[in-house]
Every structure is written in structure tokens, then in C-alpha cells.
Amino acid sequence: MRDHAQSEHFACRPHRAPPPPTGSKVVWGENDSPVQPVGGPSIRAADRVADLVRKGDIRVSEQNFDIVVLGGGSGGYAAALRAVQLGSSVALIEKDKLGGTCLHRGCIPTKALLHAAEIADGAKESEKFGVKASFEGIDMPAVNAYRDGVVSSKWKGLQGLVKARGITVVEGEGRLTSPTTVQVGDQTITGKNVVLATGSYSRTLPGLEIGGRVITSETALQLEWVPRRVAVLGGGVIGVEFASVWRSFGADVTIIEALPHLVPNEEESVSKQLERAFRKRGIDYKLGTRFQGVTQDDSGVVVTLEDGSTVEADLLLVAVGRGPATHNLGYEEVGIEMDRGFVLTNDRLETSVPGVYAVGDIVPGLQLAHRGFQQGIFVAEELAGQNPIVVDDVNIPKVTYSDPEVASVGYTEAKAKEQFGDDKVSSYEYNLGGNGKSHILGTSGSIKVVRVEDGPVVGVHMIGARVGELIGEAQLAVNWEAYPEDVAPLLHAHPTQNEALGEAFLKLAGKPLHAM
């Protein structure tokens, strides 16, 4: 393995009662006694307290913390958890539920649906494995109950963790009012540093109004029925995942993508394999054709494309990406430099206003929950003086949980050649047809490893059932700048899909075993 560098307290009245714990809030009544202590990790009566403050019935102490985090999603709560580990007092402000989009409207609920879809496909295909089973259909209320149970369990666990760590959760919509203060209703929350982590929302196209039968992923998650026909506008991660679910549930699906390929940011050979797999599953798609308009009535939608063709469906899912949730939160007024709603930062995630940092989907780049986690941890460690390493977006692992799955980290072969030169890059693509466990699972696909000649692995690109579980080893190889020769002597358990990744490393190291 090779080394490498990558880059006041509370201002309350003189004590009439024991002092509150750091980060707590005390409300003092006219008899100078604390009529509503709200200690520990949450403030749950903000509206009632604010009303009493306005009437002059009570006075509220200032709330001062080392760090104030605005937004309790992946990036925000990760920053808060790591910061308290490092000795800081933290206020975590959230207007909805801790966990944000990922836990409640994104990663977790969609993957629960995808697992239900996998079970449905297994029932349909059980006979070829010698198992007698029947598929009687999809009970969407029951599927949704399963999904909600998963989300609720994770949410309760997160709440318990935040409480156990002593983080003060402030419930309400926050607005940045200075480089050190966030206003939440009538409360002013002050911090030596502020971390902005307000997340993202589902975007649409100019002139395309969301409503009725034109929906976003949030509405799609709440459907109590399986549509007969669905049009999906956008062939990126969100679009292909919902297309995969609905097809498994029995819907006819058509994906509309303006770029030449599905999942267009992936290795081209992987995109082409996904297209073939989707075609085999009966998922239709129209590539390289732009959306022009949509009409809807009580029976469905008609989507018109710029080439004059139309797609008729029960619903149109708009999955054209996510925008930064920064509007009317006071960022620009405080002087933070923005670009089309995104918060601009330096490589240490500090904004143009000293002491104010930003993490997650509001920072230009990949919009992934685990990027938010990493950035939240990074900022907490940066503020603690630990000088954490920077992980560039290209080296952050990505997974699309469709059937088949797509997983990647690092440069595509084309991007590697742009970066290092055409004659300085080599690659090998190992077909999963030669892998025993993949054959058992009944999946096809491949694993492609890209390296610099006489240098490190700079990219790994995979497609096939469950390949998302292989991305851990792949991202270690890329981020630790491992040479194939470093990995080749290491064992991959048999029979596993990990062996396919090992075979690709062996080939590039010049000593193939099951590869030609």
C-alpha cells in the first residue's frame, strides 16, 4: 500500500435554581423560577413558548453553542454527531424530521420498495430454481406499511442516538441572520460557527408544472396503487430505480432521456448493458430525445417529445434531478456567495463568509447522502483542528439500485484518458458469466477496472445483481491509490461476487487466473 496525500454560555438571570446543562434552554416566569425547563436534546414547545414571549409573560435565555447546524439531514446530523464527539456543544435545527430527505423521502424508502420488487420477481421466477410458488399481485398498502416500518425504526434509532449524544435539537424553520446566528421563530440560536445543511428538493423543467398526474418521487413513494402505464422523464438514478420498481410490480414503463444513454454519468459500456437488461425486462426507453410538453385529464397523460412522438401513460414521473434548498433562508443577505441557488465553498467547505460552512446537496457536485455524511464529518473535524483529508467527488462511490444494479467509483476510461493521456491508461472488463456466485444468482453483467499504466487503479465500474455490495473494496483500491499488483496477492472468498473484482485485478497485474 502506498502513502499519498489528499488533499455566553447561557445568559440567564442570577441562579434561582440549579444551572441548566450546556446547550439547554430555561424559560423564567415572573416569580423568577423556571416555569418550563426544556433541557437535553429537544425543544418541543417552540410555538407555545414564542407566544408567551410575545405577550411578555416569560423571558427566554440566550442560546449559545460552539456550532449551530441548520438542517438535520444526512450532512447536518453527521456534522452534529462528530462535533459533540470532539467536545463541541451543538444545536441542530430541523423544520421537519431528523434524517431529512434520505431517510424519509429518498434513499431508505425507495430501497425498501426495490427490495419488495426483488421479492416479487423472485416469486415470478421461482420455478426455474425448483421452488413452487405463485405470484398473486402487489398489495401496495402492505408494501407501504413495510416501507414505513423500516423508515420509522431508523428514525427512532436516530432520535435516540442524537439524544444520547447530548445534541440540542431545535424544531422549526431556521433562517441565517448573521455569520453567527440563526433565527427560529422568536428564538435566536448563536454559534461560534454555523454549518448550512438545508438539503435539496425535486426539480422540474421550465414550464412543466407538477400536479395531478404529473408527479415527483415524493408523490410516487406514497402511491396506494400500481399504475398500468408510467412515463418517466429522466434516465438518471431516480428515474431508472422507479422504472425498475414499477416494472417488477407489473407496470408498462417508458423512460424519456434527452442524453444518448441511461445513467449517462456512468461508464458507457455499463450504460449500454443496463439498456440491454431493461429492454429484456420489457422496460421501454427513448434516448436522445427532448421533452416538449404534457397534457393530462382524468384518464391519464400524453407526453409529447420534440421529435413529434408521444407517450401515453397513467402518470408522468418527473425525475430530472434535485435543486438546492436555499431560497429565502438568508444566505445571500448575510453575504454568502451563491451560484444558481448552490452555496459556493472552498475545498475546506467554508463559504465566502468566514466561520460559515456548507455541506451536502447545497454544495455543487454529487448529490448523495453519503457525500453529505462525509462532508458533515469533515467540517466537524476541520473546526476541531484535525485537518481532515479531502475526498474528491470523482472518488466517492455511487450506486444505482435498479435491477441490475450499477456501482462505480473513480474515473471512467474516457475521463481517465483525458486526465492521464490515451497511451497511459489500460483497463479490463471481467464478465460475470465466469463468476460462480453470479451464475447461481442468475445475473449477468461485468466489472471493469481502469488503471494508469505502471500506476494505480483510478476507476472501477460494475453492473449486475448486488454489485453495490462490492463498491467498498473498489473505493478502497481507488482512494488508497492501490496498484493491481498490490491487490492481486490478496484472497477473495469463494464463491463470492468479490472474486470477479479480484479476477480483474489479477488480469491487470499480468497474472490472470480465470480471465483471458
Side-chain angles (χ1 to χ4, degrees), residues 8-12 20 22-27 38 42-43 46-47 49-50 53-54 59-73 75-80 82-84 86-96 100 167-200 324-346 348-364 375-376 378-380 382-385:
E8 158 170 38
H9 62 233
F10 293 90
C12 52
T22 301
S24 67
K25 171 182 177 178
V26 174
V27 179
V38 190
S42 65
I43 299 170
D47 292 339
V49 172
V53 171
R54 280 191 296 270
R59 297 184 297 281
V60 182
S61 65
E62 287 185 33
Q63 298 180 80
N64 295 287
F65 301 85
D66 295 321
I67 300 172
V68 174
V69 182
L70 180 54
Y77 83 69
R82 184 65 179 128
V84 295
L86 296 170
S88 294
S89 60
V90 179
L92 180 58
I93 301 168
E94 172 55 50
K95 67 177 181 179
D96 191 8
I167 296 168
T168 299
V169 177
V170 182
E171 296 180 349
E173 185 166 0
R175 177 182 172 84
L176 189 68
T177 51
S178 83
T180 58
T181 57
V182 176
Q183 194 72 23
V184 184
D186 289 331
Q187 307 171 70
T188 299
I189 316 298
T190 301
K192 298 173 184 175
N193 294 101
V194 174
V195 180
L196 308 177
T198 44
S200 60
T326 57
H327 178 66
N328 199 32
L329 296 179
Y331 296 176
E332 291 175 298
E333 291 86 338
V334 171
I336 291 173
E337 188 177 354
M338 312 281 286
D339 180 19
R340 295 171 295 175
F342 288 97
V343 176
L344 301 182
T345 69
N346 59 21
R348 313 307 292 180
L349 297 175
E350 188 172 23
T351 71
S352 57
V353 175
V356 179
Y357 292 76
V359 301
D361 287 358
I362 63 174
V363 179
Q375 289 185 340
F378 179 97
V379 167
E382 180 79 357
L383 292 173

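It should be emphasised that the depicted structure is a prediction, and the values quoted were computed from it without experimental measurement.
Thr198 OG1 to Arg175 CZ: the interatomic distance, rounded to the nearest 0.5 Å, is 12.5 Å. A distance of 9.5 Å separates NZ of Lys95 from CG of Leu70, quoted to the nearest 0.5 Å.
Listed here is the closest heavy atom pair of Leu92 and Gly71: CD1-O, 3.5 Å. The heavy-atom pair separating Ala197 from Gly75 by the smallest distance is CB-C, 4.4 Å. When every heavy atom of Val90 is checked against every heavy atom of Ala83, the shortest pair comes out as CG2-CB, 3.7 Å. Shortest non-hydrogen contact noted between Phe342 and Pro364 is CB-CG, 3.7 Å. In terms of heavy atoms, Asp66 sits closest to Gly87 at OD2-O, 4.2 Å. The heavy-atom pair separating Thr345 from Val363 by the smallest distance is OG1-CG1, 4.0 Å.
The backbone N or O of Thr190 sits nowhere less than 3.5 Å from a side-chain atom of Thr181 that would complete a donor-acceptor pair. Judged by distance alone, the side chain of Ser352 and the main-chain N or O of Gly335 form a donor-acceptor pair under 3.5 Å. Checked by atom type and distance alone, the side chain of Glu332 never pairs as donor or acceptor with a backbone atom of Ile336 at under 3.5 Å. Although no hydrogens or angles enter the test, the distance criterion places a donor-acceptor pair under 3.5 Å between the side chain of Glu94 and the main chain of Gly72. Looking at Ser200, its side chain never comes within 3.5 Å of a backbone N or O of Ala325 through a donor-acceptor pair. Checking side-chain atoms of Asn193 against main-chain N and O of Gly355 turns up a donor-acceptor pair under 3.5 Å. Side-chain atoms of Thr351 come within 3.5 Å of backbone N or O of Val356 as a donor-acceptor pair.
The closest side-chain heavy-atom distance from Tyr357 to Gln375 is not below 4.5 Å. Residues Val359 and Leu196 are not in side-chain contact: their nearest non-hydrogen atoms beyond the backbone lie 4.5 Å or more apart.
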Derivation of the side-chain contact (heavy atoms from CB on, under 4.5 Å) call for Leu383 and Ile67: CA-CA 9 Å; Leu383 292 173; Ile67 300 172; 3.7 Å; yes
Test log, rule side-chain hydrogen bond (donor to acceptor under 3.5 Å, both in side chains), inputs Gln183 and Thr188: CA-CA 5 Å; Gln183 194 72 23; Thr188 299; 2.7 Å; yes
